[in-house]
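Structure first, then comments.
Numbering starts at 1 and runs along the sequence shown. The structure displayed is predicted, hence computed values, not measured ones.
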Amino acid sequence: MKLYYRAAGLVILYGNTIFLLYLAGKYSPYLLPVIWFTALVLLLSSIGYAVVHYRTSLHKQKSR
């Protein structure tokens, strides 16, 4: 159940991020590629962190 709460939190976080990216792109379109690249890196690194954290927590539970 804890995983569902984290997934819901990520969805809410990235929903807000997409909205802010939309606003930033609307008012400064020349920075749009930089903004989207930064958002992509943030998304990939947070997904990677969540996967690594989930796998290590499963490994710790199995080793007990």
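- In the hydrophobic clustering (ILVMFWY side chains linked at under 4.5 Å, chained through shared members), L44 is joined by L40.
- Qualifying side-chain contact (heavy atoms from CB on, under 4.5 Å) partners for V11, counting only residues two or more places apart in sequence or in other chains: none.
- Under a 4.5 Å side-chain heavy-atom cut-off, the cluster of Ile, Leu, Val, Met, Phe, Trp and Tyr residues that includes V52 has no other member.
- Distance check: L43 CG to I18 CD1 gives 8.5 Å after rounding to the nearest 0.5 Å.
- For the side-chain hydrogen bond (donor to acceptor under 3.5 Å, both in side chains) condition, no pair includes a residue of residues 20-32, sequence neighbours left out.
- Sorted by first and then second residue, the side-chain hydrogen bond (donor to acceptor under 3.5 Å, both in side chains) pairs involving residues 39-50 (not counting sequence neighbours) are Y14-S46.
- Clustering of Ile, Leu, Val, Met, Phe, Trp and Tyr by side-chain heavy atoms under 4.5 Å joins F37 with V41.
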